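By convention here, the first residue in the shown sequence is residue 1. From a predicted model like this one, the values you see are computed outputs, not experimental measurements.
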Amino acid sequence: MTASSSRFPVLFLSHGGGPWPFMEERRHEYPNTLKVLAQLPQTLPAKPAAVLIISGHWEEPQFTVCTGARPPMLYDYTGFPAHTYQIRYPAPGAPALASRAMDLIRGAGLSCGEDAHRGFDHGTFIPLGLIFPGADVPVLMVSMQSSYDPLQHVKLGQALAPLRDEGVLIIGSGLSFHNMRAFRHPAAGAVSEQFEQYLYSAVADPAHRIERLVNWAQEPSGRLCHPREDHLVPLFAAAGAAGDSPGERLIIEHAMGVTMASYRFG
């Protein structure tokens, strides 16, 4: 696959804690995310025909594609203010793209199911609400596989990569640090910074990117940052879709006592 000026990049976004953009007392923790995601559409080749998003909040036994034309909301968090359960992100689904994605996934020898009723979880509506606040870009959700197998998710991304040349923006939505018990712990900042430096060095190394990322758990800080890797897995899919595109750090944020980073490929 040769480079193209119309090819869309691939993103891995650290989507932050819960419905934070809708809580004034939390917005100050993510100033760079607010700024960069608001400006992101201006850096794309064009307005996307659709967004394909793999969220760390949706996993199934097999890869699953949302086929619904009007996905509902899914408030997959607890203990937040009442108004955060009234958030609406009325973007349309993308049934035609869903069919195309399923063909690509199955064509790569991967098992794939479909779900017509899946709603927008906060790993989806939080970042997309900041990038496309008008909710005027169709959204296709693709699940993780509950095995969390890194190579399977790399293969998923590789299967979906042709969509980059079809006007589709592919996003993996998770967190570079996701240890719920360690947020705001005095020792967590240094650990998260160490792991982010490893992630960034892998992202910026196309020749060895996949090998380095799939061996993430061998890093001394790996399991300290991700006791359960659901929020890291979308990065594997993003890296697979990236191919040999250059990788860069898109956002660095210091929130809840830890470093969080987002990356862009291409």
Undergrad: Mind checking the CG-OH spacing from D121 to Y77? Nearest 0.5 Å is all I need.
TA: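 With rounding to 0.5 Å, CG (D121) is 10.5 Å from OH (Y77).
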Undergrad: Apply salt bridge (Lys or Arg N to Asp or Glu O under 4.0 Å) to E229 and list each qualifying residue two or more places apart in sequence or on a separate chain.
TA: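 Partners of E229 by the salt bridge (Lys or Arg N to Asp or Glu O under 4.0 Å) criterion, ordered by chain and then number, come out as R223.
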Undergrad: Measure the CD-CE distance between Q62 and M144 for me, rounded to the nearest 0.5 Å.
TA: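 Here the interatomic distance stands at 14.5 Å.
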Undergrad: Below 4.5 Å, heavy atoms only, C-beta onward: do I126 and P21 meet side chain to side chain?
TA: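 Of all side-chain heavy-atom pairs linking P21 with I126, at least one is under 4.5 Å.
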Undergrad: Is it true that the side chains of D115 and T64 contain a donor and an acceptor less than 3.5 Å apart?
TA: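 No, no side-chain donor-acceptor contact under 3.5 Å.
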Undergrad: Whether the side chain of D76 engages the backbone of H122 through a donor-acceptor N/O pair (distance < 3.5 Å, no angle test) should be reported.
TA: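 Pair found, side chain donor or acceptor close to backbone of H122.
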Undergrad: Assert yes or no for the condition that the ring centre distance of F22 to F80 is strictly below 6.0 Å.
TA: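 No; F80 has its ring centre 6.0 Å or more from that of F22.
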Undergrad: Identify, with sequence neighbours excluded, every residue that meets ring pair (Phe, Tyr, Trp, His ring centres under 6.0 Å) alongside Y198.
TA: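 For Y198, the residues satisfying ring pair (Phe, Tyr, Trp, His ring centres under 6.0 Å) (neighbours in sequence not counted) are F195.
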Undergrad: Does F63 reach the side chain of E114, with side-chain heavy atoms less than 4.5 Å apart?
TA: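 SC-SC contact between F63 and E114 ruled out.
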Undergrad: Counting only N and O atoms by type, is there a donor-acceptor contact under 3.5 Å from the side chain of R264 to the main-chain atoms of G266?
TA: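 Side chain of R264 to backbone of G266, a donor-acceptor pair under 3.5 Å: yes, one is there.
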Undergrad: Looking only at the side chains, is there a donor atom on one of Y200 and E248 sitting less than 3.5 Å from an acceptor on the other?
TA: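 There is no such pair between these side chains.
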Undergrad: Please list, chain by chain and in numerical order, all residues satisfying side chain to side chain contact (heavy atoms under 4.5 Å, CB included) with A50, sequence neighbours excluded.
TA: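 A50 satisfies side chain to side chain contact (heavy atoms under 4.5 Å, CB included) with L97, P138 only.
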Undergrad: side-chain contact (heavy atoms from CB on, under 4.5 Å) for D230 and H178? Distances and angles first, verdict last.
TA: CA-CA 9 Å; D230 50 316; H178 193 248; 4.1 Å; yes
Undergrad: If you look at every heavy atom in S262 and S14, which pair is closest and at what distance?
TA: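 Of all heavy-atom pairs spanning S262 and S14, the closest is OG-N, 2.9 Å.
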Undergrad: If every non-hydrogen atom of P71 is compared with every non-hydrogen atom of G93, which pair is closest and at what distance?
TA: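 For P71 and G93, the tightest heavy-atom pair comes out as CD-N, 3.4 Å.
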Undergrad: Could you pull out the closest heavy-atom pair between I210 and G240, with the gap in Å?
TA: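 That would be CD1-N, 4.2 Å.
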Undergrad: Find out whether M256 and R26 are in side-chain contact, i.e. whether some heavy atom of one side chain is under 4.5 Å from a heavy atom of the other.
TA: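 In short, these two side chains touch, coming nearer than 4.5 Å.
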Undergrad: Grouping I, L, V, M, F, W and Y whenever their side-chain heavy atoms are under 4.5 Å apart, do L175 and F12 come out in a common cluster?
TA: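 In one cluster with L175: F12, no.
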Undergrad: Can any side-chain N or O of H153 pair as donor or acceptor with the backbone N or O of D149 at less than 3.5 Å?
TA: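 Checking the backbone N and O of D149 against the side chain of H153, a donor-acceptor pair under 3.5 Å is found.
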Undergrad: Can you check whether N215 reaches E211 side chain to side chain, under 4.5 Å on heavy atoms?
TA: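 Side chain of N215 against side chain of E211, heavy atoms only: contact under 4.5 Å found.
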Undergrad: Before giving the answer on side-chain contact (heavy atoms from CB on, under 4.5 Å), spell out for L40 and L11 the whole-Å C-alpha distance, their side-chain angles and the decisive distance to 0.1 Å.
TA: CA-CA 11 Å; L40 186 74; L11 307 176; 3.4 Å; yes
Undergrad: How far does CD1 of I171 sit from CG of L52, to the nearest 0.5 angstrom?
TA: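 Answer for the CD1-CG pair, I171 versus L52, is 9.0 Å.
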Undergrad: Starting at OG1 of T259, measure out to CG of L199 and round the result to the nearest 0.5 Å.
TA: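 T259 atom OG1 to L199 atom CG measures 11.5 Å (nearest 0.5 Å).
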Undergrad: Once you round to the nearest 0.5 Å, how far does CH2 of W216 lie from NE2 of H226?
TA: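 Answer for the CH2-NE2 pair, W216 versus H226, is 6.5 Å.
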Undergrad: Do you see a donor-acceptor pair shorter than 3.5 Å between the side chains of E196 and S176?
TA: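 Note: E196 and S176 side chains miss the donor-acceptor criterion.
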Undergrad: Heavy atoms, side chains only, cut-off 4.5 Å: are F236 and Q152 in contact?
TA: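 Side chain of F236 against side chain of Q152, heavy atoms only: no contact under 4.5 Å found.
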Undergrad: What pairs with P81 under side chain to side chain contact (heavy atoms under 4.5 Å, CB included), at least two apart in sequence or on another chain?
TA: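 Result, side chain to side chain contact (heavy atoms under 4.5 Å, CB included) vs P81: M23, H83, T84.
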Undergrad: To check you understand the geometry: which heavy-atom pair defines the closest contact between A241 and A161, and what is its length?
TA: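 Between these two residues, the closest heavy atoms are O-CB, 3.7 Å.
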Undergrad: Using the rule that Ile, Leu, Val, Met, Phe, Trp and Tyr join whenever any side-chain heavy atoms are under 4.5 Å apart, tell me whether Y263 and F177 fall into a single cluster.
TA: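 No, separate clusters.
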Undergrad: Is it true that S245 and R7 share a donor-acceptor pair across their side chains at a distance under 3.5 Å?
TA: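 Not at all, the side chains of R7 and S245 share no donor-acceptor pair under 3.5 Å.
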Undergrad: Shared ILVMFWY cluster between I105 and M141, side chains joined below 4.5 angstrom?
TA: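 In one cluster with I105: M141, no.
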Undergrad: Going by the side-chain contact (heavy atoms from CB on, under 4.5 Å) test, name the single residue among V51, L13, V137 that passes it with I131.
TA: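 Among the candidates, only L13 passes.
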Undergrad: Cluster question for you: counting only ILVMFWY and a side-chain heavy-atom cut-off of under 4.5 Å, with indirect links fine, are L156 and L104 together?
TA: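 L156 and L104: one cluster.
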Undergrad: If I compare all heavy atoms of P9 with all of L44, which pair ends up nearest, and what's the gap?
TA: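 Of all heavy-atom pairs spanning P9 and L44, the closest is CG-CD2, 3.7 Å.
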Undergrad: Any side-chain to backbone donor/acceptor pair from R209 onto G243? Under 3.5 Å, distance only.
TA: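 It does hold such a pair.
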Undergrad: Can you give me the closest heavy-atom contact between I87 and P19, atom names plus distance?
TA: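 Here I87 and P19 meet closest at CD1-CB, 4.0 Å.
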Undergrad: Got a sec, which pairs hit side-chain hydrogen bond (donor to acceptor under 3.5 Å, both in side chains) with one end in residues 93-107, sequence neighbours left out?
TA: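 Listed by first then second residue: R100-E166.
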Undergrad: Would you say that V142 contacts I53 through its side chain, given a criterion of any heavy-atom pair below 4.5 Å between the two side chains?
TA: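 No, too far: nothing below the 4.5 Å cut-off.
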Undergrad: Distance-only, no hydrogens or angles: does the Y89 side chain make a donor-acceptor pair with backbone N or O of P133 under 3.5 Å?
TA: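 It does not hold such a pair.
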Undergrad: Taking transitive links into account, so neighbours of neighbours count too, which hydrophobic residues share a cluster with L224 at under 4.5 Å side-chain distance?
TA: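 L224 clusters with V191.
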Undergrad: Is any side-chain heavy atom of M260 closer than 4.5 Å to a side-chain heavy atom of H254?
TA: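 No. Closest side-chain heavy atoms not under 4.5 Å.
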Undergrad: Does the side chain of Y85 come within less than 4.5 Å of M73's, by heavy atoms?
TA: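 A side-chain contact is absent here, since even the closest heavy-atom pair is not under 4.5 Å.
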Undergrad: What residues, two or more places apart in sequence or in another chain, satisfy salt bridge (Lys or Arg N to Asp or Glu O under 4.0 Å) together with E219?
TA: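 Checked E219 against salt bridge (Lys or Arg N to Asp or Glu O under 4.0 Å); zero matches.
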Undergrad: Under the 3.5 angstrom rule, does the side chain of R164 hit a backbone N or O of F8 as a donor-acceptor pair?
TA: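 Present.
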Undergrad: Does any pair with a residue in residues 133-146 pass side-chain hydrogen bond (donor to acceptor under 3.5 Å, both in side chains), and if so which ones, sequence neighbours excluded?
TA: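 Counting only pairs at least two positions apart or across chains, the side-chain hydrogen bond (donor to acceptor under 3.5 Å, both in side chains) contacts touching residues 133-146 are K47-D136, Q145-S147.
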Undergrad: Give a yes or no on whether the backbone of S55 and the side-chain of S173 come within a donor-acceptor separation of less than 3.5 Å.
TA: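 The answer is no, because no donor-acceptor pair under 3.5 Å joins these two groups.
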Undergrad: Determine whether F125 and L130 fall in the same hydrophobic cluster, where Ile, Leu, Val, Met, Phe, Trp and Tyr are linked whenever their side-chain heavy atoms lie under 4.5 Å apart.
TA: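 Per the 4.5 Å side-chain linkage, F125 and L130 are co-clustered.
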Undergrad: Run the side chain to side chain contact (heavy atoms under 4.5 Å, CB included) test against E24 and tell me which residues pass, sequence neighbours left out.
TA: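 Listed in chain order: R27.
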Undergrad: The test is side-chain contact (heavy atoms from CB on, under 4.5 Å); show your working for L110 and K155 and say whether it passes.
TA: CA-CA 8 Å; L110 301 170; K155 291 177 182 177; 4.2 Å; yes
Undergrad: Looking at residues at least two apart in the chain, or sitting in another chain, which of them share a salt bridge (Lys or Arg N to Asp or Glu O under 4.0 Å) with R212?
TA: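 Scan of R212 (salt bridge (Lys or Arg N to Asp or Glu O under 4.0 Å), adjacent residues dropped) gives D205.
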Undergrad: Looking at G17, is its backbone amide N or carbonyl O close enough to the side chain of Y30 to form a donor-acceptor pair, meaning the two atoms are under 3.5 Å apart?
TA: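 Yes, because the side chain of Y30 sits within donor-acceptor range (under 3.5 Å) of the backbone of G17.
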Undergrad: Indicate yes or no for a side-chain donor-acceptor contact from T124 to the backbone of F120 under 3.5 Å, with no hydrogens or angles considered.
TA: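 Looks like no, no N/O pair under 3.5 Å.
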Undergrad: Quick one about E253 and T33 (side-chain donor to acceptor, distance below 3.5 Å, no hydrogens or angles considered), yes or no?
TA: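 There is such a pair between these side chains.
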Undergrad: P72: what forms a side chain to side chain contact (heavy atoms under 4.5 Å, CB included) with it, not counting sequence neighbours?
TA: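 Partners of P72 by the side chain to side chain contact (heavy atoms under 4.5 Å, CB included) criterion come out as none, since no residue qualifies.
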Undergrad: Apply salt bridge (Lys or Arg N to Asp or Glu O under 4.0 Å) to E60 and list each qualifying residue two or more places apart in sequence or on a separate chain.
TA: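 Residues passing salt bridge (Lys or Arg N to Asp or Glu O under 4.0 Å) with E60: none at all.
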Undergrad: So how far is it from L140 CG to M102 CE, rounded to the nearest 0.5 Å?
TA: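 The distance works out to 8.5 Å.
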